[in-house]
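Lettering of chains follows the sequences in order, A, B, ..., and the numbering in each one begins at 1. Both backbone and side-chain heavy atoms feed into the values below; hydrogens, waters and symmetry mates do not.
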Amino acid sequence: QQQVRQSPQSLTVWEGGTTVLTCSYEDSTFNYFPWYQQFPGEGPALLISILSVSDKKEDGRFTTFFNKREKKLSLHIIDSQPGDSATYFCAASVIGNNKLTFGQGTVLSVIP
Amino acid sequence: EAAVTQSPRSKVAVTGGKVTLSCHQTNNHDYMYWYRQDTGHGLRLIHYSYVADSTEKGDIPDGYKASRPSQENFSLILELASLSQTAVYFCASRGATNTEVFFGKGTRLTVV
């Protein structure tokens with residue numbers, strides 16, 4: 001049973017364009033939602049995160065949106081750059097619980 | 001910067017053999033995790049630990065054991081390696097009062 005579903009599996013965008021990744025989840029007790037970025041040969045690294053009490057969080061070109069009613073979240077990357085090419089994972093957990101549940105990942109390619 | 005070091009970085013093992021993957025963190029973190037990454041599945045939690053000399057089962061513990069002899073070290077043990085355990089394994093750590101999880105660079109295990 002996949003508790004966190006992520007789409008699309010892969011995505012190609014032109015340099016300067018906007019990237020949109022989406023996730024949905026099932027467990028309504030989840031209240032912490034991080035996005036991780038992974039480059040080839042590296043481990044995932046935290047990109048941005050949001051708590052369920054918020055509906056939007058920005059960090060430079062990266063913004064994550066959260067919709068509690070629909071149990072969905074998204075990651076928007078504006079002015080996408082070739083250096084953004086990586087695999088992106090959404091994840092979810094209950095704060096205080098030890099377990100992060102990850103989505104399947106999205107492979108993003110940004111073409112110059 | 002938080003540091004999680006995994007060894008070896010890659011390994012080829014024979015079916016039925018014993019494999020030990022090691023992880024060392026210098027973050028003074030209480031929590032340590034072992035995840036497995038497979039294409040299309042994201043990262044799945046195998047075992048975790050919140051204190052030395054104690055380990056907990058994650059979502060996919062079958063076929064794996066874990067050992068936490070000290071706060072800094074966490075090992076993943078495959079007593080009888082199988083072809084299905086071919087994957088990339090990530091160790092991670094987290095502070096007790098933080099939400100961010102820090103990952104190592106991964107160990108690519110191939111079972112033949």
What do the steps show when you test F102(B) against L46(A) for side-chain contact (heavy atoms from CB on, under 4.5 Å), and what is the final call?
CA-CA 8 Å; F102(B) 294 88; L46(A) 181 66; over 6 Å; no
Hydrophobic cluster identity match, [X] and [Y], side-chain contacts under 4.5 Å:
{"X": "V88(B)", "Y": "I46(B)", "result": "no"}
{"X": "F62(A)", "Y": "V107(A)", "result": "no"}
{"X": "I95(A)", "Y": "L45(B)", "result": "yes"}
{"X": "L11(A)", "Y": "L47(A)", "result": "yes"}
{"X": "L83(B)", "Y": "L80(B)", "result": "no"}

Would you mind checking which part of Q6(A) comes under 4.5 Å of any heavy atom in chain B, side chain (CB onward), backbone (N, CA, C, O), both or neither?
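For Q6(A), neither part sits under 4.5 Å from chain B.
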Chain B contact via P34(A) - which portion, at a heavy-atom distance below 4.5 Å
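For P34(A), no heavy atom lies under 4.5 Å from chain B.
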Would V101(B) and Y36(A) count as a side-chain contact (heavy atoms from CB on, under 4.5 Å) if you check the C-alpha gap in whole Å, the side-chain angles of each, and the deciding distance to 0.1 Å?
CA-CA 10 Å; V101(B) 177; Y36(A) 279 81; 3.4 Å; yes
Pairwise salt bridge (charged side-chain N to carboxylate O under 4.0 Å, His left out) hits with a residue in residues 39-68 of chain A, at least two apart
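Qualifying pairs: E42(A)-K105(B), K56(A)-E58(A), R61(A)-D84(A).
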By the salt bridge (charged side-chain N to carboxylate O under 4.0 Å, His left out) test, which pairs, at least two apart or in different chains, include something from residues 102-112 of chain A?
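Passing the test, one end in residues 102-112 of chain A: no pairs.
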Measure distances from R44(B) to the heavy atoms of chain A and classify the residue's part below 4.5 Å as side chain, backbone, both or neither.
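For R44(B), there is no contact with chain A at all, as no heavy atom is under 4.5 Å.
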Can you tell me which portion of R94(B) sits under 4.5 Å from chain A's heavy atoms? Options are side chain, backbone, both or neither.
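Just the side chain, heavy atoms under 4.5 Å.
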May I ask you to test the K99(A)-Y48(B) pair for a side-chain heavy-atom distance under 4.5 Å?
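Yes - at least one pair of side-chain heavy atoms lies under 4.5 Å apart.
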If you take all heavy atoms of F102(A) and L43(B), which pair is closest and at what distance?
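Where F102(A) meets L43(B) most closely, the heavy atoms are CB-O, 3.6 Å.
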Closest non-hydrogen atom pair, Q37(B) against F89(A):
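Closest heavy-atom pair between Q37(B) and F89(A): NE2-CZ, 3.1 Å.
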Within 6.0 Å of CZ in F65(A), more than 12 heavy atoms from elsewhere:
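Result for CZ/F65(A): enclosed.
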Atom CD of Q9(A) with >12 non-hydrogen neighbours under 6.0 angstrom
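Counting other residues, nucleotides and ligands, CD of Q9(A) stays at 12 neighbours or fewer.
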Using the test side chain to side chain donor-acceptor pair (under 3.5 Å), find all partners of K11(B) that sit at least two apart in sequence or belong to another chain.
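By the side chain to side chain donor-acceptor pair (under 3.5 Å) rule, K11(B) matches no residue at all.
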Between A45(A), G41(A), G105(A), who has the most heavy-atom pairs with chain B when the cutoff is under 4.5 Å?
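Looking at each of A45(A), G41(A), G105(A) in turn, G41(A) comes out on top.
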Largest heavy-atom contact set with chain B, pairs under 4.5 Å, which of P44(A), S49(A), G43(A):
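Most pairs with chain B among the choices: P44(A).
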So if I take each residue of residues 59-78 of chain B and look for any heavy atom under 4.5 Å from a heavy atom in chain A, which residues do I end up with?
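Heavy-atom contacts from residues 59-78 of chain B to chain A are D59(B).
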OH of Y33(B) to CG of L100(A): how many Å apart, nearest 0.5 Å?
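CG of L100(A) is found 7.0 Å from OH of Y33(B).
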